[in-house]
Amino acid sequence: MTLLITVFAAIVCTVIWYRKAPESEMKIGILCWMFWGASLMWLVDAVFEYAELGAEYFTPAPADMLNAAFLGLSAVALGLAIWLVIVLIKDPRGVIRKQLSGAKR
Amino acid sequence: MACFLVPVTEAIVTTIATKIIEKREKEPESVSLSTGGESAETAVKIPFSRKLKWLNGLLWGGSALLAFEHVWHGEVVPWFPFLTAAADPADAAEMLHEMATAGVAMAAFVTVVWLVLLGVSRLIEKRADKETSSPAPSEG
């Protein structure tokens with residue numbers, strides 16, 4: 001479930017990036033790399049788990065599935081928070097710089 | 001347990017390599033593309049340091065979210081020795097085994113995917129090169 005949620009997040013971010021490319025003002029590329037990186041790593045994790053559990057891997061207990069979904073959503077939220085911090089620090093549109101210089105006057 | 005430490009280690013190495021290559025690289029090679037002899041577009045060849053940044057993004061981003069998963073499962077804690085498995089020798093051996101199998105597989109798989117990306121970008125660049133070297137078809 002965690003892998004599935006991250007893959008969906010990666011696909012959505014890639015579609016948004018592609019629609020805006022080559023312009024990358026909002027740095028959506030950061031989100032794409034982050035979610036695809038996590039998806040690839042969790043895919044490897046899933047393969048190892050499948051090798052251990054077999055078909056049982058595809059029929060998790062409802063409580064485990066809920067926990068994995070909760071983890072997936074939390075991971076996506078963390079990814080978005082990291083991206084937001086990077087965007088605010090880099091301030092590609094100069095909004096924060098303008099606000100700060102306006103406040104100084 | 002601590003499989004994310006392998007991609008983190010690779011990410012540190014590739015980030016340092018990116019910085020060194022970036023310093024050594026010259027100005028990016030540019031190619032002039034003409035469409036029908038009327039308008040000319042300039043395409044810049046992607047420098048290797050930028051391609052290496054793709055791998056950095058995959059490794060750092062993936063490792064960050066994977067580290068979060070380990071915190072979620074209580075395998076990483078904010079106090080010494082930071083990895084709960086490191087406190088017990090039997091758990092530590094299991095952790096090292098997981099790092100050597102799942103961790104190395106993760107880092108290798110991400111690198112293979114990046115190599116495929118490099119291959120695709122090389123093909124696109126070659127196609128652009130061919131378009132510039134062959135004369136544009138004349139009309140009428």
Side-chain angles (χ1 to χ4, degrees), chain A residues 1-10 13-14 17-18 21-22 24 27-53 57 63-64 66-87 90, chain B residues 1-11 14-15 18 41-44 46 50-76 94 97-117 121 124:
Chain A
M1 203 65 175
T2 310
L3 169 66
L4 205 61
I5 290 170
T6 322
V7 168
F8 274 119
C13 290
T14 309
W17 168 82
Y18 187 79
S24 65
K27 310 234 171 271
I28 301 291
I30 294 171
L31 277 177
C32 295
W33 293 123
M34 189 161 24
F35 289 141
W36 279 120
S39 300
L40 295 174
M41 289 182 195
W42 271 319
L43 178 67
V44 173
D45 208 34
V47 169
F48 272 86
E49 236 178 289
Y50 176 74
E52 202 180 301
L53 301 172
Y57 172 77
D64 291 341
L66 190 68
N67 185 263
F70 194 25
L71 169 62
L73 289 174
S74 305
V76 171
L78 177 69
L80 289 169
I82 293 171
W83 165 74
L84 192 64
V85 169
I86 294 171
V87 169
K90 292 204 170 175
Chain B
M1 282 187 162
C3 50
F4 71 98
L5 288 179
V6 182
V8 165
T9 311
E10 189 188 342
T14 56
T15 305
T18 308
E41 241 178 75
T42 308
V44 177
I46 304 168
R50 201 173 143 200
K51 289 177 181 173
L52 211 52
K53 276 181 187 170
W54 302 344
L55 180 62
N56 293 342
L58 284 172
L59 288 169
W60 280 120
S63 303
L65 297 189
L66 226 69
F68 172 69
E69 188 216 350
H70 286 72
V71 173
W72 183 279
H73 289 132
E75 291 163 351
V76 174
E94 200 187 326
H97 175 73
E98 203 197 79
M99 282 169 74
T101 51
V104 170
M106 280 173 185
F109 185 54
V110 170
T111 311
V112 167
V113 170
W114 174 71
L115 287 173
V116 171
L117 270 178
S121 75
I124 294 169

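All chains are named by letter (A, B, ...) in the order of the sequence lines, taking the proteins before the strands, and each is independently numbered beginning at 1.
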Next item on the list: Please say whether more than 12 non-hydrogen atoms of neighbouring residues, nucleotides or ligands are located less than 6.0 Å from CZ in Phe70(A).
Entry: no

Check: What are the two closest heavy atoms between Met106(B) and Met41(A), and how far apart are they?
Finding: CE-O, 3.4 Å

Check: When rounded to the nearest 0.5 angstrom, what distance separates CG in Leu40(A) from OG1 in Thr111(B)?
Finding: 10.0 Å

Next item on the list: Give, for atom CG of Leu78(A) and atom CD of Glu69(B), the distance between the pair rounded to the nearest 0.5 Å.
Entry: 12.5 Å

Checklist line | Val44(A) versus Ala105(B), closest heavy-atom pair with distance | finding: CG1-CB, 3.7 Å

Check: With respect to chain A, which residue among Leu55(B), Thr101(B), Leu59(B) yields the maximal number of heavy-atom pairs within a distance under 4.5 Å?
Finding: Thr101(B)

Item checked: Structural part of Leu43(A) lying under 4.5 Å from a heavy atom of chain B -> side chain

Checklist line | Residues in residues 2-10 of chain B near chain A [non-hydrogen atoms, under 4.5 Å] | finding: Pro7(B)

Note to self: With a sphere of 6.0 Å drawn around CH2 of Trp17(A), does it hold more than 12 non-hydrogen atoms of other residues, nucleotides or ligands?
What the structure shows: no

Next item on the list: Could you tell me how the ring of Trp54(B) sits relative to the ring of Trp33(A): parallel (under 30°), tilted (30 to 60°) or perpendicular (over 60°)?
Entry: parallel

Checklist line | Residues in side chain to side chain donor-acceptor pair (under 3.5 Å) contact with Ser24(A), at least two apart in sequence or another chain | finding: none

Notebook entry, point to check: Do the side chains of Phe35(A) and Leu65(B) get nearer than 4.5 Å, heavy atoms only?
Noted result: yes

Check: Is it the case that more than 12 heavy atoms not belonging to His97(B) sit under 6.0 Å from its NE2 atom?
Finding: no

Next item on the list: Indicate the atoms forming the closest heavy-atom contact of Ala75(A) with Phe68(B), along with that distance.
Entry: N-CE2, 3.7 Å

Notebook entry, point to check: Non-hydrogen atoms of chain B under 4.5 Å away: do they reach the side chain of Thr2(A), the backbone, both or neither?
Noted result: neither

